[in-house]
Amino acid sequence: MSYKGKLNFVGLTDKGMVRPNNEDAFGTSLDTGLVVVADGMGGYKAGEVASGIAVQTITEFVANGLKDTRKRSGSSESGYSHESTLLRNAILKANDIIFQTAQSQPQCEGMGTTVVACLFYNNRVSVAHVGDSRVYRIRHGQFEQVTVDHSLLQELVSRGFYTPEEARKSLNKNLVTRALGIEPTVQVDVQED
């Protein structure tokens, strides 16, 4: 099912004022209802390579997987919809490729990226993410953060060491606790709405 005329995706990246190159990547597909954003980890080798691999792998995996998934309905063994499971598996595949590339190519050693992806289907959306790339939605004129960061700062807030207001002023905002490509496996958070 194509979402042309039903959804609009717009993306823009900027290298910012700190790094000499842009380590962000994004992909959209109105044919599949997919949007993916990856933020290569600044200061690490080949962050732009990791984010590019993530977007390309997830986009291709979802497109190929939907050919079979959309023929079925209901939930998978995990309790999630087939679309959510597909999205999670696409991110796991991206992690595997990034990790293997980092292991086999010395110039890419230690590369990593955060990622967040949304897959729209049947008036629903599945959201999957790793790291501190976020999804927001607007309801009744209010921004609402949908995802919860995988970061040291968020863990400290969740455990009551910081209030959200104190966290906004913290200098340690960029220490992620999960990212693609750093370890051979990664935990992906999935939500359905």
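In this chain, residues are counted from 1 in sequence order.
- Residue pairs meeting the side-chain hydrogen bond (donor to acceptor under 3.5 Å, both in side chains) criterion with at least one partner in residues 178-191, sequence neighbours excluded, are H150-R178, H150-D189, R178-D189.
- Under a hydrophobic clustering in which Ile, Leu, Val, Met, Phe, Trp and Tyr are joined whenever their side-chain heavy atoms come within less than 4.5 Å, directly or via other members, L152 and V186 fall into different clusters.
- Checking each of L7, V135, T28 against V35 for a side-chain contact (heavy atoms from CB on, under 4.5 Å) leaves exactly one that passes, namely T28.
- Residues V115 and V36 have side chains in contact (heavy-atom distance under 4.5 Å, counting atoms from C-beta outward).
- In terms of heavy-atom proximity, A54 sits nearest to L180 at CB-CD1, 4.1 Å.
- Summarising the geometry of I182 relative to G112, their closest heavy-atom pair is CD1-CA, 3.9 Å, with the distance given to 0.1 Å.
- Looking only at atom types and distance, the side chain of Y121 has a donor-acceptor partner in the side chain of S81 under 3.5 Å away.
- In the hydrophobic clustering of this structure, V188 does not group with F99; members are Ile, Leu, Val, Met, Phe, Trp, Tyr whose side-chain heavy atoms approach within less than 4.5 Å, directly or through other members.
- Side chain of T113 to backbone of D39: a donor-acceptor contact under 3.5 angstrom is found.
- Between L66 and L34 the shortest side-chain heavy-atom distance does not fall below 4.5 Å.
- The line from CG of N89 to CG of D96 is 12.0 Å long, rounded to the nearest 0.5 Å.
- One finds the NZ atom of K93 at 13.0 Å from the CG atom of L86 (value rounded to the nearest 0.5 Å).
- Y162 OH: 12 or fewer foreign heavy atoms inside a 6.0 Å radius.
- Contact between A90 and I58 at its shortest, heavy atoms only, is O-CG1, 3.7 Å.
- Contact annotation: the side chain of V190 never approaches that of L87 to less than 4.5 Å [non-hydrogen atoms, C-beta and beyond].
- Applying the side-chain contact (heavy atoms from CB on, under 4.5 Å) criterion to S158, with sequence neighbours excluded, gives Q154.
- Note that the CG atom of D149 and the NE2 atom of H129 stand 6.5 Å from one another [nearest 0.5 Å].
- The shortest distance between side-chain heavy atoms of F61 and I91 does not fall below 4.5 Å.
- For R139, the salt bridge (Lys or Arg N to Asp or Glu O under 4.0 Å) test picks out D193, with sequence neighbours left out.
- The two residues E83 and S126 have their closest heavy-atom pair at C-OG, 4.3 Å.
- With sequence neighbours excluded, the residues that form a side-chain hydrogen bond (donor to acceptor under 3.5 Å, both in side chains) with E60 are Q56.
- Taking CG from N95 and CD from Q100, the interatomic distance works out to 9.5 Å, rounded to the nearest 0.5 Å.
- Across N122 and Y3, no two heavy atoms sit closer than the pair N-OH, 3.8 Å.
- Atom CG of L119 and atom OG of S84 lie 7.5 Å apart (nearest 0.5 Å).
- Using a 4.5 Å heavy-atom threshold, the side chains of V116 and R134 count as separate.
- Cluster membership check: L175 does not share its hydrophobic cluster with M41, using side-chain heavy-atom separations under 4.5 Å among Ile, Leu, Val, Met, Phe, Trp and Tyr.
- Inter-residue side-chain proximity for C118 and V127 is flagged as met; some heavy-atom pair is nearer than 4.5 Å.
- Taken together through direct or relayed side-chain contacts under 4.5 Å among Ile, Leu, Val, Met, Phe, Trp and Tyr, V148 and V37 form parts of separate hydrophobic clusters.
- Among residues two or more places apart in sequence or in another chain, the side-chain hydrogen bond (donor to acceptor under 3.5 Å, both in side chains) test is passed with S133 by T114.
- Under the 4.5 Å side-chain contact rule for hydrophobic residues, V146 and Y136 do not share a cluster.
- Taken from OG1 in T57 to CG in L92, the straight-line distance is 12.0 Å, to the nearest 0.5 Å.
- Among residues two or more places apart in sequence or in another chain, the side-chain hydrogen bond (donor to acceptor under 3.5 Å, both in side chains) test is passed with Q105 by Q107.
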